[in-house]
Amino acid sequence: MRDKLPKFITNLVTISFILTAVIGCSITVFKHFRDERREEEQRMKNSIIAEYKLFREDVKSINLEADSFTEKLGNILSYDVNLSKNGAVLQDLFAEFEDFIDENTKKYEILHTYCPGNKYESATIIAGCKSYLMTSETLHNSYLKNIENTNERIKTFNQMNKDDNRKYSDIEEIVSQNYTEYVDYDKDGEYSGK
């Protein structure tokens, strides 16, 4: 029995040492990955804040571009004569504005990627994401609404042209290359801009 006791203690000490080493390594690895994740989250948050500052500076020009688009669109659609003469201009106007939306989505890719569906504790990030998402959602949805309204106007124009035997050429309907559905980026249940 005395011979078995030292062997038992030796085995117990060995097993305890191995368990301690495994637990220690596990804790070290866990801490390493936790710290790495925290650093990545902090880099992402800093990127969001930095990109939002750029976006905030551009909001006025984004809104001016949207207003200019709406004004040009209204001028073309206001009279049949304008519409008949500017069918190609209308197509170009929509294509250019779609490119503008695409450029802004790419320009603010960090905001576009990390803001939707994520929760943040920082009031600065929350406000920045909310502002970006609202602006992007409104821009996207109002663009689609303008396509719908313009296509209704084109259908009416083409039908009246046909019914009244006018000599205007039919106008081709607007088709978006990249946007077909309304979006709710901020997941508030409303489609801003629609």
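Everything numeric in this text was worked out from a predicted model, so none of it was measured.
- The existence of a salt bridge linking E148 and K145 is confirmed by a sub-4.0 Å separation between a basic side-chain nitrogen and an acidic carboxylate oxygen.
- At distances below 3.5 Å, not a single donor-acceptor pair connects side-chain atoms of S131 with backbone N or O atoms of A127.
- Between atom OH of residue Y143 and atom CG of residue N178 there is a gap of 8.0 Å, rounded to the nearest 0.5 Å.
- The CG atom of L111 sits 8.0 Å away from the OG atom of S136 when rounded to the nearest 0.5 Å.
- Heavy-atom contacts from other residues, nucleotides or ligands closer than 6.0 Å to CE of M134 number 12 or fewer.
- A distance-only check finds no donor-acceptor pair linking the side chain of N158 to the backbone of D170 [under 3.5 Å].
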- May I have the step-by-step check of side chain to side chain contact (heavy atoms under 4.5 Å, CB included) for V22 and S26, ending in yes or no? CA-CA 6 Å; V22 168; S26 297; 4.2 Å; yes
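- Cluster annotation: I23 and F17 are assigned to distinct hydrophobic clusters (Ile/Leu/Val/Met/Phe/Trp/Tyr, side-chain heavy-atom contacts under 4.5 Å, transitive).
- At a cut-off of 3.5 Å, with distance as the only test, a side-chain donor of Y132 or H112 sits close to an acceptor on the other residue.
- The existence of a salt bridge linking R153 and D80 is confirmed by a sub-4.0 Å separation between a basic side-chain nitrogen and an acidic carboxylate oxygen.
- By the 4.5 Å heavy-atom criterion applied to side chains, N161 and I171 are not counted as neighbours.
- For the atom pair OG1 of T138 and OH of Y185, the computed distance is 11.0 Å after rounding to the nearest 0.5 Å.
- Note that the CD1 atom of I101 and the NE2 atom of H140 stand 7.5 Å from one another [nearest 0.5 Å].
- If you check the side chains of E98 and Y179, you find no donor sitting under 3.5 Å from an acceptor.
- S176 and I147 make their closest contact through CB-CD1, 3.7 Å (heavy atoms, listed as atom of the first residue, atom of the second, distance).
- Counting non-hydrogen atoms of neighbouring residues, nucleotides and ligands closer than 6.0 angstrom, the CD atom of E181 reaches no more than 12 such neighbours.
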- Query: So I125 and Y52, side chain to side chain contact (heavy atoms under 4.5 Å, CB included) or not? Walk me through it.
  - Reply: CA-CA 8 Å; I125 293 176; Y52 174 67; over 6 Å; no
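- Closest approach of C129 and I48 over heavy atoms only: SG-CG2, 4.2 Å.
- Without hydrogens or angle criteria, S68 side chain to L64 main chain gives no donor-acceptor distance under 3.5 Å.
- Aromatic rings from F94 and F97 are positioned such that their centres are separated by 6.0 Å or more.
- For E121, the CD atom is loosely surrounded, since the number of other residues' heavy atoms within 6.0 Å does not exceed 12.
- Inspection of the N75 and N82 side chains reveals no N or O donor paired with an N or O acceptor under 3.5 Å.
- E109 and Y114 share no donor-acceptor pair across their side chains, judged by distance under 3.5 Å alone.
- A donor-acceptor distance shorter than 3.5 angstrom exists from the side chain of N104 to the backbone of F100, with no hydrogens or angles considered.
- E173 contributes no side-chain N or O that, together with a main-chain N or O of K155, makes up a donor-acceptor pair within less than 3.5 Å.
- Side-chain atoms of E41 and Y120, non-hydrogen and from C-beta on, never get closer than 4.5 Å to each other.
- Counting heavy atoms from C-beta on, the side chains of R43 and E40 come closer than 4.5 Å.
- The closest donor-acceptor contact from the side chain of N141 to the backbone of Y182 lies at 3.5 Å or more, if one exists at all.
- Residues V175 and L93 fall into different hydrophobic clusters, defined by Ile, Leu, Val, Met, Phe, Trp and Tyr side chains chained together at heavy-atom separations under 4.5 Å.
- Atom OG1 of residue T150 and atom CG of residue L73 lie 4.0 Å apart, to the nearest 0.5 angstrom.
- Between the side chain of S84 and the backbone N or O of V81 there is at least one donor-acceptor pair closer than 3.5 Å.
- Both I154 and V89 belong to a common hydrophobic cluster when Ile, Leu, Val, Met, Phe, Trp and Tyr are linked at side-chain heavy-atom distances under 4.5 angstrom.
- Using a 4.0 Å cut-off between a side-chain N of Lys or Arg and a carboxylate O of Asp or Glu, E103 and K106 do not qualify as a salt bridge.
- With no hydrogens or angles considered, a side-chain donor-acceptor pair links Y108 and D58 at under 3.5 Å.
- Considering every non-hydrogen atom in both L133 and P116, the closest pair reads CD2-CG, 3.7 Å.
- Within the model, atoms CZ of R56 and CD1 of I49 stand 10.5 Å from one another, a figure rounded to the nearest 0.5 Å.
- Minimum interatomic distance between E190 and D184 (heavy atoms only, all atoms of both residues): O-OD1, 2.9 Å.
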